[in-house]
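Each remark here refers to the structure printed beneath this line.
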Amino acid sequence: MPELPEVETTRAGIEPHLVDRTITAVTVRENRLRWPVSPELSQMATGQTIVSVERRAKYLLIGLRRGFVMIHLGMSGSLRILAQETAPQRHDHFDMMLDSGVILRYRDPRRFGSIFWLDQLSHRLLDQLGPEPLGEDFDGTTLFKASRGKARNVKTLIMDAGVVVGVGNIYANEALYLAGIRPTQPAGKITIKRYHRLADAIKSVLEKAIAAGGTSLRDFLKEDGKPGYFRHALKVYDRAGEPCLGCHKPLSSVRITGRATVFCKRCQR
DNA sequence: ATCGGGACCTGCTTGC
DNA sequence: TGCAAGCAGGTCCCGA
């Protein structure tokens with residue numbers, strides 16, 4: 001479900017409910033996620049005050065006076081803010097109770113997500129990540145340099161978290177369409193000029209998606225239970241066979257490393 | 001070193 | 001109607 005805009009939407013939504021609150025209890029109902037939930041999490045976090053709610057790539061980082069709770073939503077995860085205790089549903093794996101009475105509840109049917117306790121802001125899953133796409137240290141030159149000598153296709157390149165983080169399947173398709181670049185193009189053959197267009201397209205589509213509250217396709221809901229509205233702005237994702245919004249030819253689809261890839265043969269070269 | 005594919009899960013849609 | 005196959009927003013890890 002969540003790519004960077006959905007994670008950022010969630011972060012911004014939960015932040016005001018969490019900062020300056022004290023954690024009164026942590027409940028782990030199911031610890032078998034992508035990796036086991038850190039066994040010390042409940043003991044370390046309970047009684048502590050939350051000082052920040054940040055995001056790095058698709059990880060949420062809840063900063064406490066001492067240590068961090070790190071959450072990844074995987075494919076089907078979501079966080080909700082509950083004003084009061086309600087009976088947990090199937091797949092509600094984790095609760096964090098606050099002194100305000102609010103509960104932060106984690107749901108993840110497929111259990112591809114993860115929840116870790118971190119003593120410090122360092123983790124093997126964080127330390128190898130590339131730059132943030134909306135940061136100043138990411139631009140066309142970043143992509144150009146990472147692509148030299150690479151035979152892999154450009155879509156796989158921009159979805160590689162070691163190159164740039166946060167670009168998942170929806171926004172990779174959208175950004176390549178906006179930049180007029182065919183997803184199957186070998187990354188090593190693309191000019192720096194076109195990589196500048198692509199980096200700009202990535203920034204643009206992510207910013208617009210964040211402003212719209214993310215993309216709700218099947219089951220993504222914001223922390224308040226409402227959907228995001230960027231779905232209506234998608235130009236190619238989930239539109240295979242439908243007319244290109246530019247030239248009206250039917251959109252083509254292929255699979256690239258197992259992922260649905262939609263593009264326009266005329267508008268993307 | 002680089003790359004593609006498998007693996008991890010559940011739930012919904014599609015097609016026979 | 002029922003059942004099985006196929007597919008889904010992620011990404012680590014392994015073997016080639």
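Contact annotation: A/Arg259 side-chain N/O to C/dG10 OP1/OP2 distance is under 4.0 Å. Distances shorter than 4.0 Å separate some side-chain N or O of A/His72 from OP1 or OP2 on C/dT11. At least one side-chain nitrogen or oxygen of A/Tyr237 sits closer than 4.0 Å to the OP1 or OP2 atom of C/dG9. Between B/dG11 and A/His91, a contact under 4.0 Å exists linking OP1 or OP2 to a side-chain N or O.
A salt bridge does not link A/Lys222 to A/Glu6: none of the charged nitrogens lies less than 4.0 Å from a carboxylate oxygen. Salt-bridge formation is not detected for the pair A/Arg11/A/Glu223: no Lys NZ or Arg NE/NH1/NH2 atom is positioned less than 4.0 Å from an Asp or Glu carboxylate oxygen. One finds a salt bridge joining A/Arg152 and A/Asp160 here, because a Lys/Arg side-chain nitrogen approaches an Asp/Glu carboxylate oxygen to under 4.0 Å.
Between the CG atom of A/Asp95 and the OG1 atom of A/Thr86 there is a distance of 8.0 Å, given to the nearest 0.5 Å.
Separation of the P atoms belonging to B/dC9 and C/dC3 is 25 Å when rounded to the nearest angstrom. Separation of the P atoms belonging to C/dT11 and B/dA1 is 24 Å when rounded to the nearest angstrom. The same atom, P, is picked in B/dC3 and in C/dG9; the two are 22 Å apart, to the nearest Å.
Comparing A/Arg34 and A/Arg90 along DNA chain B, the residue whose closest nucleotide (by nearest heavy atom) sits nearer the 5' end is A/Arg34. Each of A/Arg255 and A/Arg124 has a nearest nucleotide on DNA chain C; the 5'-most of these lies closest to A/Arg255.
Among the atoms of the strands shown, only primed sugar atoms or phosphate atoms (P, OP1, OP2) are found under 4.0 Å from some heavy atom of A/Ala151.
The aromatic ring of A/Phe112 is stacked on the base of B/dC8, with the two ring centres less than 5.5 Å apart and the planes inclined by under 30°.
Rounded to whole Å, atom P of B/dT2 lies 10 Å from atom CG of A/Asp160. Counting to the nearest Å, the C1' atom of C/dG10 and the CE atom of A/Met70 are 14 Å from each other. We find that CZ of A/Arg152 is positioned 7 Å from C1' of B/dC3, with the value rounded to whole Å. One atom, CH2 of A/Trp35, and another, P of C/dT11, lie 9 Å apart when rounded to the nearest Å. Atom CG of A/Asn31 and atom C1' of B/dC9 are 15 Å apart (whole Å). Nucleotide C/dG9 holds its C1' atom 17 Å from the NZ atom of A/Lys222, rounded to whole Å. Between the CD atom of A/Gln128 and the P atom of C/dG10 there is a distance of 20 Å, given to the nearest Å. The CG atom of A/Leu33 sits 15 Å away from the P atom of C/dT11 (whole-angstrom rounding).
Side-chain to base pairing of A/Arg111 with B/dC9: no donor and acceptor N or O lie closer than 3.5 Å to each other.
Residues A/Gly113 and A/Leu33 share a closest heavy-atom pair of O-CB, 3.2 Å.
Base pairing annotation: B/dG5 forms a Watson-Crick or G-U wobble pair with C/dC13, both donor-acceptor distances under 3.5 Å.
Taking the ring centre of A/Trp35 as origin, the terminal cationic atom of A/Arg124 falls inside the region bounded by 6.0 Å and 45° from the ring axis.
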